[in-house]
Number of protein chains: 2
Amino acid sequence: MSENVLQDDPFRQIERATVSDAIVDQLRALIAGGTLKPGDRLPSERDLCKRFGVGRTSVREALKPLIAMGLLEGRVGSGTFVAAESGQFQKPLQWGLLGDLQSQDDLVETRHMLETNAAFWAALRAEPENLAAIEATLQGMAANLTNPDEFQEFDANFHFEIARAAQNKMLYRLINVIRGQIQTWIGERLTLAPDQAQSFAHTSLAQHRQIFAAIQAGDSDAARAAMDHHIQTATADLRRITK
Amino acid sequence: MSENVLQDDPFRQIERATVSDAIVDQLRALIAGGTLKPGDRLPSERDLCKRFGVGRTSVREALKPLIAMGLLEGRVGSGTFVAAESGQFQKPLQWGLLGDLQSQDDLVETRHMLETNAAFWAALRAEPENLAAIEATLQGMAANLTNPDEFQEFDANFHFEIARAAQNKMLYRLINVIRGQIQTWIGERLTLAPDQAQSFAHTSLAQHRQIFAAIQAGDSDAARAAMDHHIQTATADLRRITK
DNA sequence: TTTCTAAAATTGGTCTGACCAGCTGGCCAA
DNA sequence: TTGGCCAGCTGGTCAGACCAATTTTAGAAA
């Protein structure tokens, strides 16, 4: 066996501890840097092997964690794709934060805390485009009072846009993650009482408008209070359904 | 080609989409359930292959994500171990929450929000053993006013215990994660100004005592205010160092 | 030409078996 | 007893093969 690999390779860059970690770093940087955008397809595993000059095992072991964290998405027969930004890190955050929660109470309470603060800061920091985005979701809700699914979509986006307007990326991401759980919970409840969905929608829209007004006015305390009231009543209403 | 695949397959148990994901779920459950405790050594990969009845590839691809999330730790020649609980999910959470933050501001702000609320709830929910644990950290700080490292350790634990006393697991975990970053930041600053460490310690201890008093008294608003004041001044003091 | 279909090529998922480089523990010589 | 060595573990990597899902292609049918 002549395994002498004296290549034309005078001095190589220092290698990471493990090959796959080095690949992870590289891919992560490509995604974070925007070279690989959501929806993009990566070269096939066999291609990546050649490009990186490593075995397929290493490539796959690098992709696995990225897939597990929701940065990538593997589809057999089709390829590996960069996941939508909203889904990134969703899974590990869910594992870490929601993995083994005994009750919904922690979740609801934490959400309340995050969102009231988001409203507070949004009132102080919202840029014109943030306000426009929030208002757009209000219009969307108004136009879909009778379509529960659509309405919920705009509802969620309303809270999203407020989180974004708070100009705190970390807060935004936390709300983003928790929202997923909350959304599921809301959906379940509404399915149980479809007849109430419309009345909920009316109440909800009115409260959303109050929140928006406070944010637009730059009144942070009012915004916090309005969001507090909204979440309190909405939570109470939804909880009542099961009983 | 008449590939008629009429097997003797009456009703199969539903299999997970992929083998490795199933293994991930199983291992994750074992860790979350406490069957595998931090520090425990897993069977060797080759053993796991036999036990699960799968190839080594699948086992390794299951371990990889768990290692990447900090739940497991692989040591060549030695084995794979369950990581310390404090380190679990630290990495993905850091990637997800702190990965590409432009400034420390988001971090500090979020921490402020989380901890003030933790103090608030702790005042309402702290059990006797929580109070005892918090008080113990106060004594530890008092006994280590001249040992910066020790003092910081007790300082961190003080905030930890308050988070625990708030009886919200999710909040606790968030603080847990963010604390790591904050701790690093504090350490850096104090190293720059070791002469000020002692005066900081005195101020800090006094404020901690106020917080504890409010929690002990069950005065949630006072506890929140005291924590707010503490974090505000501590942050400002530390920021001043760099300038 | 257009449309539909079936085979071929491609892709991620899995298995096997092999080798490497660290680490462990026990054996043996000094 | 002490010191050093070596065999046998472990995780990390590689190569080649097969599977099933999917896409692409090419040919047949309209």
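What you see below is based on every heavy atom in this structure, not just the backbone, and it leaves out hydrogens, waters and symmetry mates. In what follows, chains carry the letters A, B, and so on, assigned in the order in which the sequence lines appear, proteins first and then strands, with residues in each chain numbered from 1.
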In terms of the angle between their ring planes, are A:His208 and A:His159 parallel, tilted or perpendicular, with boundaries placed at 30° and 60°?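 Perpendicular.
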Could you check whether any side-chain heavy atom of B:Leu72 comes within less than 4.5 Å of a side-chain heavy atom of B:Val82, counting everything from C-beta outward?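 Of all side-chain heavy-atom pairs linking B:Val82 with B:Leu72, at least one is under 4.5 Å.
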Residues of residues 40-49 of chain A with any non-hydrogen atom less than 4.0 angstrom from an atom of DNA chain C: list those, numerically ordered, please.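 Under 4.0 Å from DNA chain C: A:Arg41, A:Ser44, A:Glu45, A:Arg46.
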Hey, can you pull the residues of residues 55-75 of chain A with a non-hydrogen atom under 4.0 angstrom from DNA chain C?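 Hits under 4.0 Å, by residue number: A:Arg56, A:Arg60, A:Arg75.
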Looking only at the side chains, is there a donor atom on one of A:Asn130 and A:Gln167 sitting less than 3.5 Å from an acceptor on the other?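 Yes, side-chain donor-acceptor contact under 3.5 Å.
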If you find the nucleotide of DNA chain C closest to B:Val76 and the one closest to A:Gly77, which residue's nucleotide is nearer the 5' end?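 This one resolves to A:Gly77.
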Would you call [X] and [Y] a salt bridge, taking side-chain N to carboxylate O under 4.0 Å as the test?
| X | Y | value |
| --- | --- | --- |
| A:Arg164 | A:Glu129 | no |
| A:Lys64 | A:Glu61 | no |
| B:Arg239 | B:Asp105 | yes |

Output yes when at least one side-chain N/O atom of A:Ser78 is less than 4.0 Å from OP1 or OP2 of C:dT11, else no.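 It does not, given that no N or O in the side chain of A:Ser78 lies less than 4.0 Å from OP1 or OP2 of C:dT11.
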Are OP1 or OP2 of D:dT13 and a side-chain N or O of A:Ser20 less than 4.0 angstrom apart?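 Checking A:Ser20 against D:dT13: at least one side-chain N or O falls below 4.0 Å of OP1 or OP2.
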Verdict with reasoning, A:Asp21 to A:Arg28, per salt bridge (charged side-chain N to carboxylate O under 4.0 Å, His left out): CA-CA 10 Å; A:Asp21 284 354; A:Arg28 206 157 67 79; over 6 Å; no
In whole Å, what is the span from the NZ atom of A:Lys50 to the C1' atom of C:dT10?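 The distance from NZ of A:Lys50 to C1' of C:dT10 comes to 12 Å, rounded to the nearest Å.
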Where A:Asn144 and A:Phe151 come nearest, the two heavy atoms and their spacing: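 Looks like O-CB, 3.4 Å.
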